[in-house]
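Handing you a structure now.
Each ligand, and each atom within it, is numbered from 1 in the order the structure gives. When reading the values below, keep in mind they use all heavy atoms of this one structure, side chains included, and skip hydrogens, waters and symmetry mates.
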Amino acid sequence: MKELLQKYDRPGPRYTSYPTAPEWTTDVGEANFWAAIERGNHKKTPLSLYVHLPFCEEHCTFCGCSTVITKKRAVTIPYLAHLFKEIDLIADQVDTSRPVIQLHWGGGTPTYLTTNEIQSLMQKIQSRFQFSDDAEVSVEVDPRVTTLEQLTAMRKLGVNRISMGVQDFNPKVQEAVNRIQPESQVRQMIEWCRNLGFQSINTDLIYGLPYQTVESFADTVSKLIAMQPDRVALFNFAFVPWMKRQQQSMDPNTLPTPADKLQIFCDAIQSFTDADYLFIGMDHFAKATDEMSQALQNRSLARNFQGYTTRMDKADMISFGITAISDIDGDYFQNKKVLTRYYSDLDSGHLAIERGKICSSDDLLRRDLIMDLFCNTHIHKSRIEKAHQIQFDNYFTNELHDLQSFIDDGLVEVTQDAITVTKRGRLLIRNIGMVFDKYLRSKASSPQRFSRTI
Ligand code: SF4
């Protein structure tokens with residue numbers, strides 16, 4: 001395993017999109033967005049909505065999200081006013097017979113909003129779009145600041161799934177990442193969610209944080225298993241201090257070594273699977289009864305900017321708020337990062353798109369393949385051939401050649417009709433995906449922009 005680490009531990013994308021964000025350009029704008037909406041209207045593609053609520057009171061040093069750190073609570077007033085403008089602008093152009101099958105609020109901290117603000121935002125969205133009866137409606141909550149009153153209001157408004165950041169229970173790790181969150185707070189939050197009848201409770205853990213050890217993280221995992229969340233996302237910490245300023249305060253010497261990280265990850269897989277969680281994709285776990293496990297079985301699991309998700313493969317994703325990314329009929333659009341710019345575009349009656357990617361047929365083919373690999377760890381060549389009108393072995397001659405070293409290392413098996421990632425290979429699935437990334441292959445994209453794969 002040590003040799004594998006040396007060979008494969010290098011910067012690489014997580015493939016929550018393909019082409020990855022460094023390939024997106026600023027010449028993609030409003031006209032492209034409306035054209036994509038129009039195509040989706042024509043096809044009557046269902047909708048998945050995302051709302052970005054960026055505010056947090058304090059900055060966790062590991063955080064890779066797009067946030068606005070402030071204790072000035074009044075910031076939510078203009079933000080919500082502009083979100084409403086954006087919702088109206090877009091909803092006016094969307095065929096309202098397209099059902100919303102998924103709505104997610106992420107952040108930042110969505111529960112930075114007051115209960116009244118939560119109510120008015122949810123009612124605004126519900127008044128402009130038509131939700132299917134079984135729509136998945138989820139909100140990210142921070143156990144440190146979320147109240148029972150907020151949870152109760154969300155449940156009444158139709159929220160049926162909750163996701164919360166746990167990260168690590170160890171006090172020394174929590175102190176190092178500026179996120180003090182006692183175990184009792186998480187236990188309380190899970191209990192409230194259960195009593196209120198939320199269908200699925202997801203928790204996030206992060207490995208690779210300062211002062212984590214194989215033993216300390218095993219303790220965190222066992223404490224979390226005792227709380228029985230329905231899903232667990234086990235993220236590999238992306239140490240990118242050149243991109244995230246708050247990470248510059250971290251001493252790299254306090255981070256676990258790549259070998260320890262791999263051990264932490266392997267041990268966690270063992271613990272969760274021993275506790276009857278299904279290992280999903282590259283870093284998620286779900287109880288067999290959870291929708292995510294069922295999505296894995298019926299191959300409807302998808303990958304988006306939040307990680308793994310159900311249903312999204314059949315939907316156009318329309319997103320609202322700063323930095324929010326829409327994925328509509330194959331094309332990507334990302335909103336502006338700076339609040340004032342986002343506000344001024346909407347005030348002048350325009351969308352606040354900063355950049356995006358209009359995808360070619362080759363992009364869509366490679367996206368399909370990479371997402372299949374990340375979701376199902378298995379590619380049927382004949383499915384790809386049929387969906388994209390290609391002859392697989394001819395189209396990917398060079399890629400198949402480059403897969404040979406993964407085959408030799410026991411990470412991938414290739415047969416006449418399939419490419420299968422082995423159990424061992426799942427730990428290095430980002431590296432396998434990189435083989436099919438045209439932009440990395442052409443060296444047009446520098447892998448240095450990404451976090452390390454292990
Ligand atoms: S991890 Fe969550 S709570 Fe912490 S800064 Fe990032 S978005 Fe805010």
Between R430 and Y15, is NZ or CZ placed under 6.0 angstrom from the six-membered ring centre and within 45° of the ring axis?
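Not flagged: R430 not positioned over aromatic ring of Y15.
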side-chain hydrogen bond (donor to acceptor under 3.5 Å, both in side chains) partners of residues 185-196, not counting sequence neighbours, each pair once
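Passing the test, one end in residues 185-196: E183-R187.
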Going by the angle between their ring planes, with limits at 30° and 60°, are F33 and F333 parallel, tilted or perpendicular?
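F33 vs F333 ring planes: perpendicular.
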Identify, with sequence neighbours excluded, every residue that meets side-chain contact (heavy atoms from CB on, under 4.5 Å) alongside R155.
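With sequence neighbours excluded, R155 shows a side-chain contact (heavy atoms from CB on, under 4.5 Å) to N160, L196, F198, given in chain and number order.
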Relative to ligand 1, is R179 under 4.0 angstrom through side chain, backbone, both or neither, heavy atoms considered?
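Side chain only; the backbone of R179 stays clear of ligand 1.
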Taking 4.0 angstrom as the limit and counting only heavy atoms of E58, give me the atoms of ligand 1 inside it, by number and element.
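Heavy-atom distances to E58 below 4.0 Å select 5 (S).
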Only protein N/O/S atoms count here: give how many lie under 2.8 Å from atom 6 (Fe) of ligand 1.
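Excluding waters, the total comes to 1.
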Surrounding CG of D88 (heavy atoms of other residues, nucleotides or ligands, distance under 6.0 Å), is the total greater than 12?
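Correct, the count exceeds 12.
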Can you list the ligand 1 atoms lying under 4.0 Å from a non-hydrogen atom of D142?
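So the atoms of ligand 1 that pass are 3 (S).
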Does Y343, at its OH atom, have more than 12 non-hydrogen atoms belonging to other residues, nucleotides or ligands within less than 6.0 Å?
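Counting neighbours around OH of Y343, more than 12 heavy atoms of other residues, nucleotides or ligands fall under 6.0 Å, so yes.
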Please state which part of R144 comes within less than 4.0 Å of ligand 1, counting heavy atoms only: side chain, backbone, both or neither.
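The answer is the side chain.
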Residues in side-chain contact (heavy atoms from CB on, under 4.5 Å) with T323, at least two apart?
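Checked T323 against side-chain contact (heavy atoms from CB on, under 4.5 Å); matches are H52, S66, Q334, K337.
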Looking at R73, I'd like to know if its CZ atom is crowded, meaning that more than 12 non-hydrogen atoms belonging to other residues, nucleotides or ligands lie closer than 6.0 Å.
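Atom CZ in R73 is crowded, with more than 12 foreign heavy atoms closer than 6.0 Å.
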